[in-house]
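Encoded as structure tokens, the structure appears first; notes follow it.
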Amino acid sequence: MFSQRIARAAASGTQRITAEVDRLRRQGVDIVDLGAGEPDFATPPHVKAAAVAAIDEGFTRYTPNAGVRELREAICRRYLDDYGVAFEVDQVIATAGGKQALFNAAMALFDAGDEVITHAPGWPSIVEQVKLAGAFPVAVRTHPEDGFRLHADAVLEAFTPRTRAVVVNSPGNPTGALVAERDLARIAGKAAEHGAWVVLDLCYEQLIYDDAPHNLPRVLLEHLPDRFVVSGSLSKDHAMTGWRCGWAIGPPAFIRACNTVQGHATSNVASITQRAAIEALTGPQDCVAEMREAYRERRDLLLRLLGAEPRIRCVQPGGAFYLFPDVSELLSPDGLRTSADFAQALLRDGRVAVTPGEAFDAPGFVRLSYAASREQLEEAARRLHAFIAALDRA
Ligand code: GLU
């Protein structure tokens, strides 16, 4: 009935939880939602004011497909300030969230028969975009024993003559793991020899808690100046998920290819959002530091709260806003058999939403977002522990 492309791809497992929570809440069920990967903070007031001004001034028409020049300059400026790397405006396209940046890249770069290496556990859209482009995703597994580190050796071993690209997400969703500069350097070096691309998803780049070197844009520029893509977003660090603003940065010819894709899909990011984005990028940044500090405290709080249950084994993440514990010790053949069953029962009986590891190609785990208030995290933990106690009694 539908295209083969659709038959190959799966719906977003992360968005499914958001829809399910919405459905239950509409029925009046009181849910603590640690499912969605979405800040609970309001968009900063100065950013909202810029959008209101845009509407009032009538800045409500089409803009250039890649975004207004001021926005693309502001994106370049951010990378110059944060990483000391100088990008030009013709190396940037503004997109409807980081997701469209990655989608454009998949459409612009991958063909049927190509292999695209990525890492698992990982964000589902990366894999599904590869499939929608007709290519094959090849997952390199990372493990909790060493903090879900992506080892360059494992990626290098996955290269074949069909490898077209490596997609790396750091800090990673759902693990929060950071890719080490030296690992990325080796991956980029191999890609350079091989004629492959490296696509780097930096959507959580401002939410890093460890003091680890993370100048990944510079690493790519040094090792792979002609075939790199850096994508980013304002969704997470400026609490702007609904505004839909991200970007892709890459060689000018790649940006032209993205322009072709986007020009036939959505055209420009909403003009009003673009004005808000310019303010977010160029205005005061203390709001980002405050949110980062709050996330760090929440991470530590939730780790402590989960620590009360020794059968939940959890790595301390270096970035993003998720915990990704292994709950397999709580599963059993005659009870909850899978982490998907666990998440389903926790939602139904415990009224806590989490995302099952299956969504990230990691059965046995669940993802808890700590982009929630302290009270919500405490309540979630209370409900989770009560749920587990009831499982033990059953
Ligand atoms: N990226 C967020 C998450 O992982 C939002 C949902 C999505 O777009 O996948 O929950």
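All ligand and atom numbering here is 1-based and tracks the order in the structure. What you see is a predicted model; the values in this text were computed from it and never measured.
- Atom 10 (O) of ligand 1 has its nearest heavy-atom neighbour, among Glu38, Gln15, Arg367, Lys236, in Arg367.
- At a heavy-atom distance under 4.0 Å, no atom of Phe321 approaches ligand 1.
- Of all protein heavy atoms, the one lying nearest to atom 8 (O) of ligand 1 is Lys99 NZ, 2.8 Å.
- Each of the following atoms of ligand 1 lies closer than 4.0 Å to a heavy atom of Thr14: 3 (C), 4 (O), 6 (C), 7 (C), 9 (O), 10 (O).
- For ligand 1, the polar-atom distance check against Gly37 finds a nitrogen or oxygen pair separated by under 3.5 Å.
- Ring to ring, Tyr322 and Tyr295 are not that close: their centroids are 6.0 angstrom or more apart.
- Between Phe110 and Phe136 the shortest side-chain heavy-atom distance does not fall below 4.5 Å.
- In this structure, the side chains of Leu281 and Leu71 come closer than 4.5 Å at one or more pairs of heavy atoms.
- Annotation for ligand 1: atoms under 4.0 Å from non-hydrogen atoms of Asn173 are 1 (N), 3 (C), 4 (O).
- Side-chain atoms of Cys76 and Gln91, non-hydrogen and from C-beta on, never get closer than 4.5 Å to each other.
- A side-chain donor-acceptor contact under 3.5 Å links Asp114 to the backbone of Asp111.
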